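Computed from a predicted structure; not experimentally measured. Order of appearance sets the numbers: ligands from 1, and atoms from 1 within every ligand. Counting from 1, the numbers follow the sequence of the chain as shown.
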Amino acid sequence: MSNNNSLNQRDPRSLRSHRWFGPDDLRSFGHRSRLKGTGLSDRDYLGKPVIAILNTWSDLNTCHSHLRQRAEEIKRGVWQSGGFPVEVPVLSLGEMLMKPTTMLYRNLLAMETEEVLRCHPVDGAVLMGGCDKTTPALLMGAISMNIPAIYFPAGAMLKARWGKETLGSGSDAWKFWAERCAGNLCDEAWCEIENSIARSAGVCMTMGTASTMMSITEALGMCLPGASSIPAVISEHSRLATDTGRRIVDMVWEDLKPSDVVTQDAMHNAIVTDMAIGGSTNALVHLLAIARRAGLTLSMSDFDSYSRNTPLVANLRPVGKYLMEDFYNAGGLKALLWQIRDLLKLDTLTVNGQSIGNNIEGSEVFDDDVIRSVDNAIADSSGTFVLHGNLAPNGCVIKPAAAEKKFLNHRGPAVVFEDYADLKARINDDDLDVTADSVIVLKSAGPLGAPGFPEWGMLPIPNKLLRAGVRDMVRISDARMSGTSYGTCVLHVSPESHVGGPLAFVQTGDMIELDVEGRRIHLDVSDEELANRRANWKQPEPPYTRGYGQLFAQHVTQAHEGCDFDFLEKNDKVPDPKIF
Ligand code: FES
């Protein structure tokens, strides 16, 4: 399948960059002479597609430490195909070290992506991302800019070992931290885990947010087939880089743009994939934002319909047993998609110019415990459920496969924390009136309240309950949680407490009912009493009163809307700059 717009191909005057370099005028003389000042000659760039390699490498983004080398390998492919590669550093959102949360900056990277592509003589872009927010941010910006673009996934770390244990990033950190808090793990063992759990360059090797978003992006059709499952540090990942560089040059001549690829059918494939892999709850927020950028129709409730009809076939942590390296060895995403092909829109176009059906045709599963068949699924309905009720009028989410089954239908008294500082100060107080049946509630953890919508949602279980053997409880917040997290955590409560959502009015001792199968969450307090509490409520002060934080606070949308900036989510054409 090829794009009809390719009729103009190989005419250098049709290139966007021709406006910078082609004319015989003083301005273009300046553009050309300055490139020559770097040692380039006409043969290097004139009449060739200029490919911007947007690199989210940084010394502070440990997941992307290999991306400098990969950028060189991408350049090799661009040169081979007759393009002119330029590496452009963009904001690197390293999940581990940025505070309060990378989510505060997802829209900043999206905006930077759009503007960097807009203001430069660029004909096509390679989007180098992986660590959680980098992928949606790059996609959002590229979709808005809508010039040919291809995503290059950073790939996952190799799996880690500690003694006889196989360690998965995030998930096993939470698990062994709970054991340490319960007094079951000595300092020496804890240090050994710290030394071994991050084994190589690459993103978290569980099916956390990074691997979820890489997989979803492949299902959207925005990277080469098979790309999302290749581990970060094996030779195939280098070859993928060069293949990606080669392909983007052809995409420019074919004029194959994100709007040709990210269609309603592609979004369908992305959500089915998210459910089948047991993807991170964060995928909802990012896909809502991506859909709005692309002018597609998508709501929170749509995800729940998909969850009811899609079997969970990936046996990967945190909901299953294996890690991303096992997934790759078992056949990777192509093999998984072939298992669920009856649920996909197989004619959907992808960046290699082929349909997704062609790309996955006959892909073999090499380990059917890692990638299950539909008949032997981990669960018949899967992924992320969307709940509604008087506590979350605009919805909230839960990942039931990662929760203890006994809590999926639960009624218990709330133990309320007004914000994270309050939670840190009191959660381990031995006098705290809390039992395993309590429902821990955290407020002021949403997009505006925290601010930035951090991953605090896997709220800690009090140490005294950990010591008593408790490992899960019902927890509710307007925060997100890491894709590597697990437990009965109700997240993304919308509207958030900071703007006066009902969560703001919950008090310790109120009874809360959770009915996951019925998709219902209910605060057992009368409407009259809630109205009374609302009348006496004072909105907390805004956390930021200047700079980017203030811009964020003024324009970010709520969780059920994708948390983009209201002025960026429009699907208007981005104007090219005037060149005088
Ligand atoms: Fe980068 Fe998990 S910290 S992907």
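Counting the atoms of ligand 1 from 1 in the order shown, those under 4.0 Å from a heavy atom of Val203 are 4 (S). Contact atoms of ligand 1 toward Met96: 3 (S) (distance under 4.0 Å to a heavy atom of the residue). Heavy-atom proximity to Ala210, at under 4.0 Å, picks out these atoms of ligand 1: 4 (S).
With a cut-off of 2.8 Å, atom 1 (Fe) of ligand 1 has an N, O or S atom of Cys131 in range. Residue contact annotation: Cys63 places an N/O/S atom under 2.8 Å from atom 1 (Fe) of ligand 1.
Ser497 and Lys443 share no donor-acceptor pair across their side chains, judged by distance under 3.5 Å alone. With 3.5 Å as the limit, one finds no donor-acceptor pair spanning the side chains of Arg480 and His492. Neither side chain, Arg317 nor Ser171, offers a donor N or O lying under 3.5 Å from an acceptor on the other.
Aromatic ring centres of Tyr105 and Tyr548 lie closer together than 6.0 Å.
When atom types are taken as modelled, the side chain of Arg292 and the backbone of Glu569 share no donor-acceptor pair closer than 3.5 angstrom.
Looking only at protein heavy atoms, the nearest one to atom 2 (Fe) of ligand 1 is Cys204 SG, 2.2 Å.
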